[in-house]
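Remarks on the structure that follows.
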Protein chains: 2
Amino acid sequence: MPSPARVTAAMVAERAGTSIATVSLVVNGKDRGRVSAPIAERVRAAVDELGYVVDHAASSLARGSGDLVVLIAPDLSNPFFAEVIRGVRDTLTDRFQLVLSVTERGRQPVTADVRRFERLRPAGILVDAPAAGEDLSAGVPVVQLDAPGGTDAVNYDLATGVQELVAHLADLGHRRIGYLDGTSRAATFALRRRLLEDAAVAAGLSVSPIVGSADLAVDAGASAADDLLDDWLDDGVTAVVAAADTLAYGVLRAAAARGVAVPGRLAVAGFDDLPSSSVTAPALTSVALPGADLGRAAALRLLATFDGGAPEAPSLPTWLVVRASTAG
Amino acid sequence: MPSPARVTAAMVAERAGTSIATVSLVVNGKDRGRVSAPIAERVRAAVDELGYVVDHAASSLARGSGDLVVLIAPDLSNPFFAEVIRGVRDTLTDRFQLVLSVTERGRQPVTADVRRFERLRPAGILVDAPAAGEDLSAGVPVVQLDAPGGTDAVNYDLATGVQELVAHLADLGHRRIGYLDGTSRAATFALRRRLLEDAAVAAGLSVSPIVGSADLAVDAGASAADDLLDDWLDDGVTAVVAAADTLAYGVLRAAAARGVAVPGRLAVAGFDDLPSSSVTAPALTSVALPGADLGRAAALRLLATFDGGAPEAPSLPTWLVVRASTAG
DNA sequence: CTGAAAGCGCTTACAG
DNA sequence: CTGAAAGCGCTTACAG
């Protein structure tokens with residue numbers, strides 16, 4: 001039985017024997033001291049009986065903006081984003097409704113994505129791992145996530161985790177590191193690679209000039225790693241770091257297919273510490289980037305922006321989780 | 001530089017020296033035979049210069065509904081949904097804009113979720129793996145995904161994959177199967193379990209009455225499996241089937257922690273065939289449910305509904321992918 | 001405390 | 001071919 005007709009504030013008003021304006025006041029909780037208790041009660045009763053719900057389009061048109069918060073994220077095939085989303089959702093109060101938008105695989109959010117959502121008149125926009133060098137400003141508050149160098153961004157303290165990783169590899173006696181990068185233009189990936197190179201040099205290690213790249217799908221990582229494995233080994237590489245765990249899974253798969261022992265012949269590590277990284281063969285060493293923390297911090301910052309405050313942008317802790325893929 | 005002020009159709013009209021009505025016609029591509037070429041050209045130029053974009057709220061209010069398609073999905077920690085989303089996005093034409101909504105972990109979409117999005121006046125709503133027995137009808141077209149028994153649903157042919165799995169286990173000599181279910185009320189999970197039981201009986205196997213359940217997170221699956229492992233083994237179980245690969249990962253982890261050899265002492269299989277299922281230890285046997293196919297079929301059905309047609313609901317093929325966790 | 005009315009920015013008959 | 005006007009369903013000053 002498709003709904004016979006949208007129920008409007010006018011219908012509620014008629015039923016409650018009052019005006020549309022009063023209905024609006026009550027429904028929006030702005031009736032304190034403006035509407036008498038008995039009338040407010042009648043309105044609420046009518047709302048329940050009719051199943052009235054404020055029309056979003058009309059409301060945000062009249063008000064200038066609505067209660068939508070849009071989170072624009074790159075391709076969700078990286079389970080990392082599930083955590084981010086959870087953090088955002090758990091932090092946003094009931095006043096706001098979260099909707100997500102996902103870019104195509106391997107493409108980071110850009111200015112045009114923000115523009116497309118501005119027309120929805122959202123209360124605010126969250127942009128996760130945007131492409132570097134984009135102007136993401138809009139007519140509504142925008143908070144960036146994992147966007148080193150971005151305005152109004154919530155970031156990880158990647159340096160700490162990377163240093164722990166390099167120290168760990170150095171302790172194990174590794175001298176030369178191979179790197180598997182993401183293909184995307186995300187600033188966070190550029191930074192991960194640069195930090196690793198810096199830390200390696202500082203620790204007396206070297207990074208092989210043979211650097212692969214792939215989008216964050218396991219398959220793509222496997223085929224990129226498959227192409228490079230021999231070259232890496234010839235170049236004296238004994239440890240490969242991937243820009244994300246999903247890429248590292250690809251390296252594990254390629255190594256297994258080629259009979260390259262991990263970690264005996266090649267140590268492997270990633271970034272993210274996904275839940276499934278504890279069950280890979282072998283279990284994966286990874287720089288933990290707690291996604292829910294990132295989502296939570298970004299949502300808090302957006303909320304603060306609504307209230308006029310623009311708090312200090314936090315830097316979220318990261319750390320190394322050592323498992324068998326390096327320590328074996 | 002926050003946008004100085006929303007640019008409206010009135011501003012475009014003034015610049016182009018025409019009326020608002022004409023701007024609307026041109027912008028919506030309804031100008032053929034209604035607006036002269038030179039004027040249409042002037043409007044388009046003004047649109048470009050001003051960077052005008054139709055206001056979604058105003059447009060959908062005037063028109064009755066907008067160009068949004070909402071996909072409501074359960075918790076994204078299951079990477080399966082990333083595939084579904086990709087299928088939907090790649091199929092929806094440029095006329096529509098996809099936005100996602102995610103329920104809390106372990107909760108399936110219900111009627112209230114649909115209601116909440118009706119007020120956005122979307123063109124249509126897609127609901128993935130809804131709770132059983134919910135009335136999901138709305139004032140706009142609704143298509144359900146992986147919702148056995150649901151109205152207007154696009155489903156998998158689960159029976160085939162399950163039969164292949166049971167035949168495979170029977171071939172290997174297994175006689176008694178343990179089952180790890182999802183906690184959610186999704187109809188698709190109820191069906192998976194029932195089909196497995198039926199197929200087992202038909203093949204002369206039995207299913208242990210000891211059935212665990214957990215939400216689809218790896219951690220939850222591991223702790224549920226950890227609780228049941230001894231009981232299963234005592235009960236003569238030699239193979240455990242989990243309702244989703246993420247749950248099966250949990251079983252693998254629990255077994256490894258307890259020193260239970262897989263598949264030597266216990267075979268393990270799941271549903272979904274996620275990308276990471278090829279890199280687990282051991283690699284996981286799974287009933288493949290191609291997520292992108294599901295998304296694509298659902299989007300096509302929605303598109304067809306817009307055009308008045310309600311095509312036959314397809315049943316999407318599933319199949320068994322055998323890996324080391326059973327065959328090893 | 002309450003309601004009539006203007007206005008949010010569009011779309012779409014309707015007249016010309 | 002073109003534009004003035006009504007209307008979509010709200011919210012919010014503004015009068016009373």
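First the proteins, then the strands, lettered A, B, ... as listed; each starts at 1.
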Quiz item: More 5' along DNA chain D: A:Thr22 or B:Gly17, using each one's nearest nucleotide?
Solution: B:Gly17
Quiz item: Would A:Arg86 and B:Glu104 pass as an ion pair if we require N to O under 4.0 Å?
Solution: no
Quiz prompt | By salt bridge (charged side-chain N to carboxylate O under 4.0 Å, His left out) - contacts of A:Arg121 (at least two apart) | solution = B:Asp55
Quiz item: Short question: side chain of B:Asp113, backbone of B:Pro109 - any donor-acceptor pair under 3.5 Å?
Solution: no
Quiz item: What is the 5' to 3' range of DNA chain C, first to last nucleotide, that sits under 4.0 Å from any heavy atom of chain B?
Solution: C:dG9 to C:dT12
Exercise. May I ask you to list the residues of residues 45-53 of chain B, by number, that have any heavy atom positioned under 4.0 Å from an atom of DNA chain D?
Key: none
Quiz item: Between the side chain of B:Glu118 and the main-chain N/O of B:Gly139, is any donor-acceptor distance below 3.5 Å?
Solution: yes
Quiz prompt | Pair A:Asp31 + A:Arg34: basic N to acidic O under 4.0 Å | solution = no
Exercise. Could you please spell out the steps behind the side-chain contact (heavy atoms from CB on, under 4.5 Å) verdict for B:Phe96 and B:Thr93?
Key: CA-CA 6 Å; B:Phe96 300 99; B:Thr93 60; 3.7 Å; yes
Quiz item: What is the nucleic acid contact for B:Val54, judged by heavy atoms within less than 4.0 Å: base, sugar-phosphate only, or nothing?
Solution: sugar-phosphate
Practice problem: Using salt bridge (charged side-chain N to carboxylate O under 4.0 Å, His left out) as the criterion, list what pairs up with B:Asp67, not counting sequence neighbours. | Solution: A:Arg119
Quiz prompt | Sugar-phosphate, base or nothing in reach of A:Ile39, heavy atoms under 4.0 Å | solution = sugar-phosphate
Exercise. Could you tell me whether the side chain of B:Phe189 reaches within less than 4.5 Å of the side chain of B:Leu216, counting heavy atoms only?
Key: yes
Self-check item: Exam field: side chain A:Gln108 to backbone A:Ala129, donor-acceptor pair closer than 3.5 Å
Solution: yes
Exercise. Quick one: pull up CG in A:Asp272 and CG in A:Asn78 and give me the separation to the nearest 0.5 Å.
Key: 5.0 Å
Quiz item: So what does A:Thr18 touch, heavy atoms closer than 4.0 Å: a base, only the sugar-phosphate, or nothing?
Solution: sugar-phosphate
Quiz item: B:Glu49 and salt bridge (Lys or Arg N to Asp or Glu O under 4.0 Å): which partner among B:Arg15, B:Arg44, B:Arg42?
Solution: B:Arg15
Practice problem: Counting Watson-Crick and G-U wobble pairs whose two distances are both under 3.5 Å, find the runs of 3 or more in a row that involve DNA chain C. | Solution: C:1-3 with D:14-16, C:5-12 with D:5-12, C:14-16 with D:1-3
Quiz item: Looking at DNA chain D, which of residues 26-35 of chain B put a heavy atom within less than 4.0 Å of it?
Solution: B:Gly33, B:Arg34, B:Val35
Self-check item: Residue whose nearest DNA chain C nucleotide is more 5′ - A:Ala62 or B:Ser24
Solution: A:Ala62
Exercise. Describe the nucleic acid contact of B:Ala9 in one word from base, sugar-phosphate, nothing, applying a heavy-atom distance below 4.0 Å.
Key: sugar-phosphate
Practice problem: Can you see which heavy atom on B:Pro130 is nearest to which on B:Leu136, and at what distance? | Solution: CB-CD2, 3.5 Å
Quiz item: Hey, are the side chains of A:Val69 and A:Val99 touching, using non-hydrogen atoms and a 4.5 Å cut-off?
Solution: no
